[in-house]
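In what follows, a single structure is set out as structure tokens and then discussed.
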Amino acid sequence: MRLYSTNNKDRFFTLKEAVLKGLPDDNGLFMPEHIPALPNKFIAQLKDYTFQEIAFEIAKTMIGDAIPAADLKEIVERAIDFPAPLVALGDRRYVLELFHGPSLAFKDFGARFMAGLMSYFNRGESKELVVLVATSGDTGGAVAAGFFEVPGVSVVVLYPKGKVSLLQEKQLTTWGGNITALAVDGTFDDCQALVKKAFLDPAFTDVVRLSSANSINIARLIPQIFYYFEAFKQLPDAERPIAFSVPSGNFGNLTAGLMAKKMGLPVHRFIAATNANDVIPIYLKTGHYHPRPSVRTLSNAMDVGAPSNFARMVDLYSSTWNIMMDEIIGYAFNDAQTEAGVKEVLAKYGYLIDPHGAIAYLALKDWQEKNDAAGIILETAHPAKFVEDVERIVQQPVEIPARLEALREKTKTSTEIGIDYEPFKKFLLNRFGGDGL
């Protein structure tokens with residue numbers, strides 16, 4: 001498997017280089033030189049395979065000989081050891097529950113697979129690998145869970161102070177050991193900017209071995225392809241055109257879906273569902289991309305004003321906006337509409353959905369008014385992760401899974417920092433690379 005940077009298609013990297021570097025030196029994103037198609041026979045017989053078998057076949061096809069098959073199979077089986085069930089709502093609508101992993105969010109798929117790849121590629125290295133991750137809510141908890149106590153790897157999680165839910169924050173800040181949490185006095189975009197500046201600072205990267213665990217890392221996207229095929233497998237009628245409605249922030253989840261389609265999954269349409277941070281829906285309608293500072297919303301994991309994976313989306317469509325527009329349609333909803341969506345899903349179907357999933361539901365509902373197709377809503381997090389808001393909206397108690405409830409009593413440990421790069425850099429140097437350059 002060879003990869004290139006979205007900013008330079010003439011220079012190639014190995015999978016090991018891409019996974020451990022996380023971000024190319026030219027500030028692009030790593031992309032596979034070729035996205036291979038799966039055999040038609042395999043796709044036609046998906047129902048005959050387990051989720052792990054599907055995941056292994058996709059990973060093997062995508063990665064090729066970069067990792068021996070036996071080692072890759074072990075990585076997949078350790079990472080994908082929880083289900084992704086498809087729940088029928090009615091009205092040709094389904095919910096793909098992606099919250100059955102350790103952190104109760106879809107990010108578990110990517111984080112656990114990435115941890116396995118990094119651990120494999122990091123064997124024999126004498127110098128510690130420092131993984132930087134910016135989170136708007138769910139990524140950090142999944143990465144912390146996936147990398148906790150992985151030998152030779154330390155994780156630094158940056159999250160926007162006061163802009164994640166109480167239980168989300170506990171998932172970021174109660175690990176200790178090789179996990180460090182930084183509460184940034186700013187937005188998710190500020191967190192992401194600090195991470196990118198560190199990667200693009202050669203004087204710093206000469207001292208500290210860095211990698212990233214955000215969806216800018218290609219190792220996060222590959223396993224997110226898995227559950228698109230798993231969802232399709234569970235459809236009772238796979239002959240009807242199918243749309244995926246994807247609640248979107250940094251757009252890694254939707255990008256993985258686009259890759260799934262290129263591998264042969266017969267997807268009729270992708271629906272990019274956002275909150276008030278609607279940069280991509282506007283682009284899909286107008287062809288004009290204008291990133292801007294994110295605003296805080298009820299669906300905090302999607303509060304992204306400059307989605308990193310937009311560069312990959314453009315690359316997949318060779319910068320051809322009208323072709324992208326034909327395959328992806330964008331919708332955006334405010335907090336009041338989101339709350340109404342949560343209430344409607346509960347009243348109409350007896351299903352409790354989280355705010356992010358509610359936005360995907362609203363987008364699918366609007367799209368289906370003019371399209372005769374089935375739709376799958378990606379439910380990216382358990383509603384209990386937003387228990388205060390969800391209980392306020394539905395006016396009834398929300399059952400909290402035991403592993404989440406246990407966090408309430410744990411002590412939060414985090415360091416508060418500002419949005420300036422130099423103090424952040426000094427903190428990391430003091431912790432991982434000595435006290436200066």
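Judged by distance alone, the side chain of Arg269 and the main-chain N or O of Asp326 form a donor-acceptor pair under 3.5 Å. With hydrogens and angles disregarded, no donor-acceptor distance shorter than 3.5 Å links the side chain of Thr320 to the backbone of Asn322.
A distance below 6.0 Å separates the ring centres of Phe82 and Phe109.
Using a 30° and 60° split on the angle between ring planes, Trp367 and His268 fall in the tilted class, from 30° to 60°. Ring planes of Phe42 and Tyr49: tilted class, angle from 30 to 60°.
A donor and an acceptor atom, one from each side chain of Asn122 and Arg209, are located under 3.5 Å apart. If you check the side chains of Gln192 and Ser308, you find a donor sitting under 3.5 Å from an acceptor.
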*Would you please test Asp278 and Tyr331 for side-chain hydrogen bond (donor to acceptor under 3.5 Å, both in side chains) and show each step?*
CA-CA 8 Å; Asp278 57 354; Tyr331 291 87; over 6 Å; no
*For the pair Glu379 and Tyr361, evaluate side-chain hydrogen bond (donor to acceptor under 3.5 Å, both in side chains) and give the outcome as yes or no after the intermediate values.*
CA-CA 9 Å; Glu379 171 65 327; Tyr361 164 78; over 6 Å; no
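Salt bridge status for Glu169 with Lys412: present, with a side-chain N to carboxylate O gap under 4.0 Å. Of the charged side-chain nitrogens involved, none lies within less than 4.0 Å of a carboxylate oxygen, so that Glu422 and Lys426 do not count as a salt-bridged pair. Lys161 has a carboxylate O that lies under 4.0 Å from a charged side-chain N of Glu416, or vice versa, which qualifies the two as a salt bridge. Between Lys163 and Asp303 there is no salt bridge, since none of the side-chain N atoms of the basic residue sits less than 4.0 Å from a carboxylate O of the acidic one.
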